[in-house]
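First the structure, in the form of structure tokens, and then the observations on it.
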Amino acid sequence: MRVLLILLLSALLAACSDARAPQAAAPGPDRLVRLADADIRGLDPQVYSDLASLRIAADQFEGLTRFDGAAQAVPGLASSWQVSPDGLVWRFTLRPGLRFSDGTPITAAVFARGWQRLNDKATGSPHTALFAAIRSVEAEGDATVVVTLAAPFPQLPALLAHTAMAALPLHRAGQGAADWTAERPLVTSGPYRTRDWRLNDRLVLERNPNWHGGRAPIGSVIWKPVDDPLAGMRLFLAGEADISGDYPQSRHDWLRQQRPGAVRTGDYLGSYYFTMNTRKPPFDDARVRRALGMAVDREWLARALLPEHGIAGADHVLIGRNEALTRDFAAMKADLERALARVREGKASSDRRPPRAKPRRR
């Protein structure tokens, strides 16, 4: 009888615990709930490249620069920088008194070591190619980081805001922590640090007590993975989340009408493109590929598939958020007659080709 009573009490306590769990992950006065379009793959921003992981990394790790609310590169852990007359050498001056969340000082050597790790084949970073313009990152004393370029690259401040170039707590790997990302709370350099991570459930961030910017404005941030845009929209509309990063395009106009203050669209620095198998007909013929390039209406695709977002990529080459190198692509505008002529030419040429002999099996 006593054993049965203990079991009943244990079940009751477990039920009460489960009932309270959803409330702890709900929006609150000092708690922000954000929905990610997938569960994160890891906490090391030099190793993982999925958007969910990088967005959470941006909450936790800060570099020499960072992006502000207007998506502009501004000083981060560096207070200022100077550029040599030839544009090849950039000197970043660190803010005084910088520390990781565990109290360890952040010096210029942290960035030099991070650069070496990023380019180490053992790291296997998928981000290495992004930083091909950088030749070296070196420490000049404790307070100056020297970045040398292979060629002038005026967009360097925006590039250095990538979390793969942030101040990472690699010193933890030398203090008995085989995997520094497994520590809780996670040692970080940005405004927040991971307190708890439950796979396929939630990741909880809390304030970094040593962040140079002081107390983060919100006490905790909870990231929840929701891979269905419609489900994410419903959670937001039901008050179960403060921010949902995605929603079905078919609901765009409805949301604009029903919840005009809830929908916000912003710039996204990315490219969408289609790929074709050029080893199989008809795309193995360069003339057919050129014909398709002339026939595609890029303006329509940008408007129809990405409402209020898209910019057709045929008219200019983007080099920055507000800059572009304009080129004359008038000859590549939709010209269906020329495109069809190309296709007919390719088909006629294909019809004249002698049939290929089929290999015989022995």
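Each residue takes its place number in the sequence, starting with 1.
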Can you check whether [Y]'s main-chain N or O pairs, donor with acceptor, with [X]'s side chain at less than 3.5 Å?
X      : Y      : answer
Asp246 : Pro229 : no
Arg289 : Phe283 : yes
Asn119 : Trp115 : yes
Ser53  : Ile40  : no
Arg207 : Ala216 : yes

Applying the 4.5 Å side-chain criterion to the ILVMFWY set and letting contacts propagate, would [X] and [Y] be lumped into a single cluster?
X      : Y      : result
Val83  : Leu149 : yes
Phe67  : Leu130 : no
Leu230 : Trp254 : yes
Tyr247 : Val226 : no
Leu118 : Leu77  : yes

Enter the distance from [X]:[atom1] to [Y]:[atom2] here, rounded to the nearest 0.5 Å.
X      : Y      : atom1 : atom2 : value
Leu54  : His127 : CG    : NE2   : 5.0 Å
Asp253 : Gln258 : CG    : CD    : 11.5 Å
Leu64  : Arg95  : CG    : CZ    : 11.0 Å
Lys224 : Asn200 : NZ    : CG    : 14.0 Å
Ser125 : Asp44  : OG    : CG    : 8.5 Å
Ser84  : Arg91  : OG    : CZ    : 8.0 Å

Applying side chain to side chain contact (heavy atoms under 4.5 Å, CB included), run through Leu186 and Phe61 and close with a yes or a no.
CA-CA 11 Å; Leu186 183 68; Phe61 300 107; 3.9 Å; yes
In the structure I gave you, are the side-chain heavy atoms of [X] and [Y] within less than 4.5 Å of one another anywhere?
X      : Y      : value
Trp211 : Ser101 : no
Leu237 : Arg259 : yes
Ile222 : Arg34  : no
Val147 : Phe92  : yes
Leu32  : Ile243 : yes
Leu94  : Phe111 : yes
Trp223 : Asp59  : yes
Phe131 : Met165 : yes

Considering all heavy atoms of both residues, which atom of [X] and which atom of [Y] are nearest to each other, and what is their separation?
X      : Y      : result
Arg31  : Asp242 : O-OD2, 3.6 Å
Met233 : Ser244 : N-OG, 4.2 Å
Ala241 : Phe236 : O-CD1, 3.5 Å
Ala108 : Gly141 : CB-O, 3.5 Å
Ala139 : Ala109 : CB-N, 3.7 Å
Arg264 : Gly69  : NH2-O, 4.4 Å

Arg113 vs Asp120, test: salt bridge (Lys or Arg N to Asp or Glu O under 4.0 Å). Steps then yes/no.
CA-CA 11 Å; Arg113 185 180 177 187; Asp120 189 340; over 6 Å; no
Got a sec: does the CZ of Arg184 have more than 12 other heavy atoms crowding it under 6.0 Å?
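Buried by this count: over 12 neighbours within 6.0 Å.
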Check this for me: Asp228, atom CG, are more than 12 non-hydrogen atoms of other residues, nucleotides or ligands nearer than 6.0 Å?
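Yes, enclosed.
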Which residues pass the side-chain hydrogen bond (donor to acceptor under 3.5 Å, both in side chains) test with Thr144, sequence neighbours left out?
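Thr144 satisfies side-chain hydrogen bond (donor to acceptor under 3.5 Å, both in side chains) with no other residue.
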Counterpart residues, side-chain hydrogen bond (donor to acceptor under 3.5 Å, both in side chains), relative to Asp196 (two or more places apart)
Arg198
Any chance the side chains of Gln60 and Thr194 put a donor and an acceptor closer than 3.5 Å?
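Judged by distance alone, the side chains do pair up.
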Residue from Glu183, Glu206, Glu62 passing salt bridge (charged side-chain N to carboxylate O under 4.0 Å, His left out) with Arg193
Glu206
Criterion side chain to side chain contact (heavy atoms under 4.5 Å, CB included) on Leu168 and Val110, from CA distance to verdict:
CA-CA 7 Å; Leu168 302 181; Val110 170; 6.0 Å; no
Other ILVMFWY residues reachable from Val47 by side-chain steps of under 4.5 Å:
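Traced through the cluster, Val47 reaches Tyr48.
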Start with the C-alpha distance between Asp37 and Asp227, add both sets of side-chain angles, then the distance that settles side chain to side chain contact (heavy atoms under 4.5 Å, CB included), and finish with yes or no.
CA-CA 5 Å; Asp37 54 9; Asp227 57 6; over 6 Å; no
Using the rule given for side chain to side chain contact (heavy atoms under 4.5 Å, CB included), can you reason through Leu98 versus Thr107, listing the C-alpha separation, both sets of side-chain angles and the distance that settles it, and then say yes or no?
CA-CA 8 Å; Leu98 292 174; Thr107 64; over 6 Å; no
May I ask you to say whether Arg172 pairs ionically with Asp102, meaning some side-chain N is under 4.0 Å from a carboxylate O?
yes
Would you sort out whether Gln46 and Thr123 count as a side-chain hydrogen bond (donor to acceptor under 3.5 Å, both in side chains), showing the intermediate values?
CA-CA 8 Å; Gln46 287 190 343; Thr123 304; 5.2 Å; no
